[in-house]
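Every chain is numbered from 1 and lettered A, B, ... according to where its sequence line falls, protein lines coming before strand lines. Side-chain atoms are counted along with the backbone in the values below, which use heavy atoms only and exclude waters and symmetry mates.
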Protein chains: 2
Amino acid sequence: MTTLDRQVEHRLKDRDVRYTRARRAVVEALAQAGGPRSAAELHADIGPSVPLSSLYRSIATLEEAGVLTPHHGARSLTRYELAEWLAGHHHHLLCTSCGSVEDIDIPADREAVVRRLVDAIAADAQFAAASHALEIEGLCARCR
Amino acid sequence: MTTLDRQVEHRLKDRDVRYTRARRAVVEALAQAGGPRSAAELHADIGPSVPLSSLYRSIATLEEAGVLTPHHGARSLTRYELAEWLAGHHHHLLCTSCGSVEDIDIPADREAVVRRLVDAIAADAQFAAASHALEIEGLCARCR
DNA sequence: TCCTATAATGAGAATCGTTATCATAAGAAC
DNA sequence: GTTCTTATGATAACGATTCTCATTATAGGA
């Protein structure tokens, strides 16, 4: 059992939610993927042992527990990834050509700039900021 | 006929696309809304004179022509708003409680900071940045 | 270990946003 | 006005997601 597993298990136990085979499979597949994955992609990764209906329910449960964060994209596709507290804070590069989503870590000094900006904007709008995301659209290294 | 109408008309004429009643209705509804609207919301705004099928086609046409930009949200909902060159550059505040999306203009000096950051991040990843979006999630002034 | 209460699963149907089809109507070019 | 092209409206189809319900697994107590 990995550290990740232990963290998730603890989080779920706190909420009286069981860490079952299907849910574990989702968490492990996401950990391996290293980037956002859709339900269909997770189904392909995990295999037919977890049917789609269960997969969707597992995803919803994990999302409610704050283990996963959804990422909504084109063509009615929602991709998921492990939440910030599990996988760290990062931003996204969206390729408009191939549709890929790349996670990108940014150095702490730059992240500090973003955070200051977010706080200032939110304060001006009397908005209580919980999280932020900087998404950059364009062409990835392969497609340009 | 408003300035907006003229701008859109010209853009469409350049692409041999007609600026029809349905398309005009979408543009006008979006201009009035002052924030992202889904197809269903536009349908409610415009009324039944433009049926959903036409509405979706109008949206797709306008999106291809670069008049609208899509904004993907929860529950497989895509909202649209007038493109940057028509409505100006701005960012979004997403309320996790009521689901509203608020457009927020940020001062030029702050925007410059964001742009510098985006350029630096993109350059590091060998990514050709075309546009960027800073999305802040949290509780809006009404919900907090 | 066995019981019991509760929560999770699997299979399938249902739902919802969106897209495609196709016959008809409107617009532009001549 | 005729003709050619493009847009429309009604409706069916589609794909991602959610729901239903009978069955199965799990946790906690006897």
Trainee: For B:Glu64 and D:dA7, give me the distance from atom CD to atom P, rounded to whole Å.
Mentor: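 In whole Å, D:dA7 P and B:Glu64 CD are 11 Å from each other.
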Trainee: Any side-chain heavy atom of B:Val17 sitting closer than 4.5 Å to one from B:Leu62?
Mentor: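 Not touching, per the 4.5 Å side-chain cut-off.
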Trainee: Roughly how many Å is it from CG in A:Leu12 to C1' in C:dA7, rounded to a whole number?
Mentor: 13 Å
Trainee: Listed by chain and number, what are the side-chain hydrogen bond (donor to acceptor under 3.5 Å, both in side chains) partners of A:Arg23, not counting sequence neighbours?
Mentor: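 A:Arg23: no side-chain hydrogen bond (donor to acceptor under 3.5 Å, both in side chains) contacts found.
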Trainee: With distance as the sole test, does B:Ser54 use its side chain to make a donor-acceptor pair with the main-chain N or O of B:Val50 at under 3.5 Å?
Mentor: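 No.
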Trainee: Can you list every pair that meets salt bridge (charged side-chain N to carboxylate O under 4.0 Å, His left out) and has a residue in residues 44-57 of chain A, with sequence neighbours left out?
Mentor: A:Arg37-A:Asp45
Trainee: Check every strand shown and say whether B:Thr20 touches a base, only sugar-phosphate, or nothing at a heavy-atom separation below 4.0 Å.
Mentor: sugar-phosphate
Trainee: Nearest whole Å is fine: how far is D:dT6 C1' from B:Lys13 NZ?
Mentor: 15 Å
Trainee: What integer distance in Å separates B:His43:NE2 from D:dT8:P?
Mentor: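 From B:His43 NE2 to D:dT8 P: 15 Å.
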Trainee: Within the pair A:Arg23 and C:dT9, is there a side-chain N or O less than 4.0 Å away from OP1 or OP2?
Mentor: yes
Trainee: Base contacts versus sugar-phosphate-only contacts with protein, heavy atoms under 4.0 Å: please encode nucleotides 12-20 of chain D as B, S and - from 5' to 3'.
Mentor: ----SBBBB
Trainee: Just wondering, more than 12 heavy atoms not from A:Arg15 lying within 6.0 Å of its CZ?
Mentor: yes
Trainee: Listing time: all N or O pairs from protein to nucleotides 27-30 of chain C that are below 3.5 Å?
Mentor:
| residue | atom | partner | partner atom | Å |
| --- | --- | --- | --- | --- |
| C:dG27 | O4' | B:Arg18 | NH1 | 3.4 |

Trainee: Rounded to 10°, tell me the angle between the two end axes of the helix from C:dT1-D:dA30 to C:dC30-D:dG1, each built from five pairs.
Mentor: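 End axes: 30° apart.
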Trainee: Between D:dA25 atom C1' and A:Arg24 atom CZ, what is the distance in whole Å?
Mentor: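 Distance check: A:Arg24 CZ to D:dA25 C1' gives 14 Å.
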Trainee: Per the ring-ring contact (aromatic ring centres under 6.0 Å, His included) rule, what does the pair list look like for residues 102-122 of chain A, sequence neighbours excluded?
Mentor: none
Trainee: With sequence neighbours left out, write down each residue that passes side-chain hydrogen bond (donor to acceptor under 3.5 Å, both in side chains) with A:Thr20, or none if nothing qualifies.
Mentor: none
Trainee: For A:Arg11, which residues count as a side-chain hydrogen bond (donor to acceptor under 3.5 Å, both in side chains) partner, sequence neighbours excluded?
Mentor: none
Trainee: Determine: side-chain N/O of A:Thr61 to OP1/OP2 of C:dA8, distance under 4.0 Å, yes or no.
Mentor: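 Indeed not, no polar side-chain atom of A:Thr61 lies that close.
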Trainee: With ILVMFWY side chains joined below 4.5 Å, transitively, what does A:Leu77's cluster contain besides itself?
Mentor: none
Trainee: Can you pull out every salt bridge (charged side-chain N to carboxylate O under 4.0 Å, His left out) where at least one residue sits in residues 78-101 of chain B? Sequence neighbours excluded, please.
Mentor: B:Glu41-B:Arg79
Trainee: Would you mind reading off the distance between A:Arg15 atom CZ and C:dA8 atom C1', rounded to a whole angstrom?
Mentor: 19 Å
Trainee: How close or far is atom P of D:dA10 from atom CG of B:Leu55, stated in whole angstroms?
Mentor: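 Roughly 13 Å, once rounded to whole Å.
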Trainee: Can you measure A:His72 atom NE2 to C:dT18 atom C1' for me and round it to whole angstrom units?
Mentor: 17 Å
Trainee: Residues two or more places apart in sequence or in another chain: which of them pass side-chain hydrogen bond (donor to acceptor under 3.5 Å, both in side chains) with B:Thr61?
Mentor: none
Trainee: Between A:Ser58 and C:dA8, is there a side-chain N or O to OP1/OP2 distance below 4.0 Å?
Mentor: no
Trainee: Which atom pairs, one a donor and one an acceptor, fall under 3.5 Å between side chains of residues 103-111 of chain B and the rest of the protein, sequence neighbours left out?
Mentor:
| residue | atom | partner | partner atom | Å |
| --- | --- | --- | --- | --- |
| B:Asp103 | OD1 | B:His90 | NE2 | 3.4 |
| B:Asp103 | OD1 | B:His92 | NE2 | 3.1 |
| B:Asp103 | OD2 | B:His90 | NE2 | 3.3 |
| B:Arg110 | NH1 | A:Asp124 | OD2 | 3.0 |
| B:Glu111 | OE1 | B:His89 | NE2 | 3.3 |
| B:Glu111 | OE1 | B:His91 | NE2 | 3.0 |
| B:Glu111 | OE2 | B:His89 | NE2 | 3.0 |
| B:Glu111 | OE2 | B:His132 | NE2 | 3.0 |

